[in-house]
Amino acid sequence: MDGLLLDSERVIMHTWLTCAREEGIALSEGDFLNVVGTGAVESRARLTQLLGSARGFEAVRDRALAHLNSQPGIVFPLKPGALQLLVMLKQRAIPCAVASSSSASEIWRRLTIVGVFEFFRAVAGGDEVPNSKPDPGVYLLAAKRLGIAPEQCLAFEDTEHGARAAQAAGMQVVLIPDLRSYEFDSALLQLVSLEHAFEHVDRWF
């Protein structure tokens, strides 16, 4: 979801950088990018180390959440091509699911706000599996809820952790990096944007 369907990673990163600065703590963009794509437990551990203490992490986190929650309207807009691709898949009766490190309730909330939740037959959240990506658990759960074998699924991912999770689940992967580039030779295809996926839909499905 984040960084692939929604342009949220960029908003979240700049919010954290600003809030860290307001707390008098140095946090660079490069440091934060190393956290992108990790699950809740790992991201907390990395940010705690970067921010110097658990207290520093909690202060910046609380300030960042307060800032994001106070914003009116759509805080995390759809990425270019997301809606069009979902419409194309719906027209072909291709069942879709979200497999995200975010909680199931947050997936529902964010996708409902931008009006695309109805396109998904199933949702699997990071709070519903024991381990975060690159563990395949969240992808296996998504496939199970779709009622489709993982080997028949195509995963769209923006991070290496996510791509490895999907691959470990037995899926082919289309990698569309967001904030940083990745070397993932096992990807079926690597694209610049979801918009570039349109031309491949007939071949894939």
Side-chain angles (χ1 to χ4, degrees), residues 1-9 12-13 31-49 76 79 81-82 85-86 89 92 94-108 110-111 116-117 119-194 196-197 200-201 203-205:
M1 178 179 67
D2 295 301
L4 190 283
L5 289 171
L6 301 181
D7 194 6
S8 51
E9 299 286 19
I12 292 170
M13 179 180 71
D31 286 337
F32 193 89
L33 287 176
N34 288 323
V35 180
V36 172
T38 61
V41 174
E42 186 178 352
S43 64
R44 179 182 180 121
R46 291 191 185 188
L47 284 167
T48 296
Q49 183 178 25
F76 305 133
K79 296 276 285 186
L85 181 59
L86 288 170
L89 296 177
R92 288 162 175 76
I94 303 299
C96 297
V98 175
S100 173
S101 296
S102 295
S103 66
S105 61
E106 190 64 12
I107 295 169
W108 178 87
R110 293 187 187 183
L111 296 184
V116 298
F117 189 78
F119 286 94
F120 297 97
R121 182 184 294 182
V123 161
D127 60 329
E128 300 182 292
V129 292
N131 300 305
S132 300
K133 300 174 182 179
D135 184 271
V138 73
Y139 270 110
L140 292 172
L141 179 60
K144 180 179 179 181
R145 288 177 173 171
L146 278 180
I148 296 176
E151 295 78 13
Q152 293 182 291
C153 296
L154 179 63
F156 293 84
E157 264 291 347
D158 66 296
T159 70
E160 182 180 8
H161 268 39
R164 294 194 182 285
Q167 183 183 55
M171 302 178 184
Q172 293 193 76
V173 182
V174 175
L175 185 63
I176 307 176
D178 182 28
L179 294 180
R180 54 180 293 192
S181 60
Y182 298 95
E183 293 294 332
F184 191 72
D185 296 336
S186 300
L188 175 66
L189 201 61
Q190 183 162 330
L191 303 174
V192 174
S193 160
L194 283 173
H196 294 180
H200 302 283
V201 168
R203 177 166 57 88
W204 288 337
F205 301 106

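Glu157 and Val173 get closest at one heavy-atom pair: CB-CG1, 4.3 Å. Heavy-atom minimum distance, Ile107 versus Ser100: CD1-CB, 3.6 Å. Minimum interatomic distance between Met171 and Cys153 (heavy atoms only, all atoms of both residues): CB-O, 3.6 Å. The two atoms that bring Phe119 and Cys96 nearest to each other are O-CB, 3.9 Å, heavy atoms only. Between Gly162 and Tyr139, the shortest heavy-atom contact is O-CE1, 3.6 Å. Shortest non-hydrogen contact noted between Leu175 and Ala187 is CB-CB, 4.3 Å.
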Problem - Derivation of the side-chain contact (heavy atoms from CB on, under 4.5 Å) call for Trp108 and Val123 - result: CA-CA 8 Å; Trp108 178 87; Val123 161; over 6 Å; no
Practice task
Might you work through the side-chain contact (heavy atoms from CB on, under 4.5 Å) test for Val116 and Leu5, ending with a clear yes or no?
Solution key: CA-CA 10 Å; Val116 298; Leu5 289 171; 5.8 Å; no
Exercise for the section: Might you work through the side-chain contact (heavy atoms from CB on, under 4.5 Å) test for Leu111 and Val98, ending with a clear yes or no? Expected result: CA-CA 10 Å; Leu111 296 184; Val98 175; 3.7 Å; yes
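The environment of CD in Glu106 is crowded: more than 12 heavy-atom neighbours from other residues, nucleotides or ligands sit within 6.0 Å.
In this structure, Gln167 and Pro134 have side chains that are not in contact, with every pair of non-hydrogen atoms separated by 4.5 Å or more. Two residues are said to be in side-chain contact when any heavy atoms from C-beta on lie closer than 4.5 Å; Val138 and Ser101 fail this criterion. At least one side-chain heavy atom of Leu188 sits under 4.5 Å from a side-chain heavy atom of Leu154. Looking at heavy atoms from C-beta onward, Asp2 lies out of side-chain contact with Val36 at the 4.5 angstrom threshold.
Once rounded to the nearest 0.5 Å, the distance linking CZ of Arg180 with CG of Asn34 reads 5.5 Å. Ser132 contributes atom OG, which lies 7.5 Å from atom CD of Glu42 (distance to the nearest 0.5 angstrom). In this structure, the separation between OG1 on Thr159 and CD on Glu9 is 8.0 Å, given to the nearest 0.5 Å. Interatomic distance, Ile94 CD1 to Trp204 CH2, rounded to the nearest 0.5 Å: 12.0 Å. The distance from atom CZ of Phe76 to atom CD1 of Ile12, rounded to the nearest 0.5 Å, is 4.0 Å. Rounding to the nearest 0.5 angstrom, the gap separating the NE2 atom in His200 from the CG atom in Leu189 is 5.0 Å.
Look at Asp158 and Lys79 and you find no salt bridge, because none of the NZ, NE, NH1 or NH2 atoms lies under 4.0 Å from a carboxylate O.
One N or O on the side chain of Glu128 and one on the backbone of Gly125 form a donor-acceptor pair closer than 3.5 Å.
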